[in-house]
Amino acid sequence: MEYIGIVFGIFGLLAYIELFSLKKRVVALEEELAGIAGTASYEERRSLLDAVSGDIGKQVNLELKEDCEDVDIMMYGNTKHGSNTILDADGEWILVRVDSAKGSKEKLIRVGSVQRISLVNEK
């Protein structure tokens, strides 16, 4: 019976150590997220959103980040056979109409997933 108590005591100690290290990581992440408003990525996102707000109704070329690529935008929207038109934008999302020879689709894209926006005639 003593061995069962020792085994449970060891498991309890290991669980406490894991919980303590997890708590430290959560606190570090919370501090990092609290300070994100002053970082360069936040400023880039703000400037991108300001640019998008000025381009509502215009045809644009969209470059999305690698992990957020959209097949319709890559295949049709940024080619000579199709276009992307910004319909609306807010703090988190951009509503884009992708026109192609096959028809048009409306897509919601996160502001954070857009790497670059340029006007079609800017090339």
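None of these values were measured; they are calculated from a predicted model.
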Those residues that, when tested against L108, pass side chain to side chain contact (heavy atoms under 4.5 Å, CB included) (two or more places apart):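 By the side chain to side chain contact (heavy atoms under 4.5 Å, CB included) rule, L108 matches W93, L95.
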
Partner of N84 under side-chain contact (heavy atoms from CB on, under 4.5 Å), chosen from D99, I109, V96: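 The side-chain contact (heavy atoms from CB on, under 4.5 Å) with N84 is passed solely by V96 among D99, I109, V96.
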
Residue pair K23 / V26, side-chain heavy-atom distance below 4.5 Å: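 No, every pair of side-chain atoms sits at 4.5 Å or beyond.
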
With K105 via side chain to side chain donor-acceptor pair (under 3.5 Å) - residues at least two apart: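 Expected list: D72.
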
Connected via hydrophobic side-chain network under 4.5 Å: L22 and L14: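 Each belongs to a different hydrophobic cluster.
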
Hydrophobic cluster identity match, L87 and L64, side-chain contacts under 4.5 Å: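 Not linked; separate clusters.
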
